[in-house]
Amino acid sequence: MRIYNSYTNALETFIPHHQNQVSIYVCGPTVYNYIHIGNARPVIFFDVVRRYFESKGYTVRFASNFTDVDDKIIAKAKEEGVSETAVSNRYIEAFLADLERLGCKTDYWKPRVTECMPSIIAFIADLVEKEFAYVVDGDVFFRVSRIESYGKLSNRKIDELLSGARIDVNEKKESPLDFVLWKRTGEGVRWESPFSVGRPGWHTECVTMIDNLFGEEIDIHGGGMDLLFPHHENEIAQSIACHQHRLARYWMHNGWMNIDGEKMSKSLGNFVLVKDLKVDPKGFRMFLLATHYRGPINYSEEGLEGYHKEWQRLEKSVSALHRALDLQSALDPTALPVLPEIQTALADFDEAMENDFNTANALTALNQLWKIVNQFARQKSDLSGMNQALNAMNRMLSVLGLEVRQTPLTLDEKDLFSRWEAARKNKDFAAADSLRQQLTERNLL
RNA sequence: GGACCCAUAGCCAAGUGGCAAGGCAAGGGACUGCAACUCCCUGACCGUUGGUUCAAAUCCGACUGGGUCCUCCA
């Protein structure tokens, strides 16, 4: 397995810290709004990463947080006259509903900032104690100058950052690069701390959550490319300061979703919400996976529509094969794929995934197999080959999170099929057409 | 102002030194009682321009066009 590590800017062989185990942490959403389809990119991609590792027999420990303390949440709560908790709960629920819709697994660790406050405060206190942070007037800042390797992840030099025209000038900071760990406040949701009554800044939560959940440097830390700087850079700085390790062995960052050639973002207002998608979410999932995760994706309705159709055809093909086997009572989920062309497709699939999760090429392998599935579904005679093709296809689909629902036919449905078959044989086309109509109405053709 | 990324067929998109994957769309053929589904066949001087090399889409330089980061963003 080779993974492009953003920390070293190179493809590296993936070696997990513990054999046959992978620990993954992905920066999750700030829950003040519904997620848009650009936000869905890391969600879907890392779900596939997880699924691939699991399919290879790894035990995957997967965590992704909810940022439920944030200025935007406070603003929203104020605007609506409700509590911050009411706002964040609503959007956490919506987020999980979107995950389901998108075919993502939801059984992973979902720490919330509000539930980690004691450890966040303790962590900041520790940084202050070790003089990696300083308190000014109830605010706490991280002293970036103490971290020699600061800028390594995002390829930035300290003096370049210092000369950057857009860095906020804050009188209290020793250096403009220092970032807020704790903010004293009299407004909104807030906690008691040794520094002041206030709330945490946004770079500390992931570090303490990772420490709480995993207790050590994790294997993979993921998120969107826009988190590279300053968020992940700051996480690393804190981790080095407190734990003397860089938080994660491999850093993975996904590219943007563009719309009309521009980055889709909440601040630009040019987004499409997941819940408003007009196509089958699985089609959207294919659309996303058709591009390598580090490249940009340009959103267009036409492009999406294409994958929507492709997904529907795929669904049809797979269920047709399943049905053909079911009608002959010959389903065998244990049949191992031994036919060379099926093995080739499976090998190509794995090779693509092993190469920095090249899902675009994995889909090409899926296309190879798809053709084979169609051939078998049409011939309906080689039961062994049919089962092999179906099982191989299901393996790929489950890795990509594109499972096709395959429900066994009822006796009634089987009867319809045999009557249709008989009518066609007897050239009773009126009856055949009517039976075909019924099958179509039941979505069985 | 500083740092950086991208440019491959009508569209989407792999490939990152050794004769340019795949999909969609389009055209032709096959299968079918008629359909649908499906199967087979057909497509590229890799943005422009210099250079390095036996060999470049792939490396280096310039240019053009698009985009990103340096501030919240996945």
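To find a chain, count down the sequence lines: A is the first, B the second, and so on, and within it residues start at 1.
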At under 4.0 Å between heavy atoms, what does A:W202 touch on the DNA or RNA strands: base, sugar-phosphate, or nothing?
sugar-phosphate

Can any side-chain N or O of A:R285 pair as donor or acceptor with the backbone N or O of A:G103 at less than 3.5 Å?
yes

Considering Watson-Crick and G-U wobble pairs with both distances under 3.5 Å, what does B:C45 pair with?
none

A:N374 side chain, from C-beta outward: closest of B:G33, B:A74, B:U38:
B:U38

Given the C1' atoms of B:G33 and B:C12, what is the spacing between them in whole Å?
39 Å

Counting only heavy atoms from other residues, nucleotides and ligands, does the tally under 6.0 Å from CD of A:Q312 exceed 12?
yes

A:K316 atom NZ, over 12 foreign heavy atoms within 6.0 Å
no

5′-ward residue of the pair A:K427/A:E262 relative to RNA chain B
A:K427

Could you tell me whether the side-chain ring of A:F429 sits stacked on the base of B:G33, using a centroid cut-off under 5.5 Å and a plane angle under 30°?
yes

Short of 4.0 Å, heavy atom to strand atom, which residues of residues 377-404 of chain A count as contacting RNA chain B?
A:R378

For A:F287 and for A:S154, find the nucleotide of RNA chain B with the closest heavy atom, then tell me which residue's nucleotide is more 5'.
A:S154

For atom C1', what is the distance between B:G22 and B:A55, given to the nearest Å?
26 Å

Quick one: do A:D326 and A:K414 make a salt bridge, cutoff under 4.0 Å?
yes

The Watson-Crick or G-U wobble partner of B:C24, with both key distances under 3.5 Å, is B:G10

After noting the C-alpha distance and the side-chain angles of A:S384 and A:D382, does the key distance pass the side chain to side chain donor-acceptor pair (under 3.5 Å) rule?
CA-CA 6 Å; A:S384 163; A:D382 179 351; 4.5 Å; no

Please determine if a side-chain N or O atom of A:R313 lies less than 4.0 Å away from the OP1 or OP2 oxygen of B:G23.
no

Can you tell me the base-pairing partner of B:C39? Count Watson-Crick or G-U wobble geometry only, both distances below 3.5 Å, and say none if there is no partner.
B:G29

Could one point to a donor on the side chain of A:R436 or the base of B:C34 with an acceptor on the other under 3.5 Å away?
yes

Using the six-membered ring wherever Trp is involved, compare the ring planes of A:Y293 and A:F357 and label them parallel, tilted or perpendicular (cut-offs 30° and 60°).
perpendicular

Once you apply the 3.5 Å cut-off to both distances, tell me the Watson-Crick or G-U wobble partner of B:C73, or none.
none

Given that both distances must come in under 3.5 Å, which nucleotide forms a Watson-Crick or G-U wobble pair with B:A3?
B:U68

Apply side chain to side chain contact (heavy atoms under 4.5 Å, CB included) to the pair A:M286 and A:L314, showing each step before the final yes or no.
CA-CA 11 Å; A:M286 279 186 103; A:L314 179 65; 4.2 Å; yes

Tell me which nucleotide among B:G22, B:G33, B:A14 gets nearest to the side chain of A:N361.
B:A14

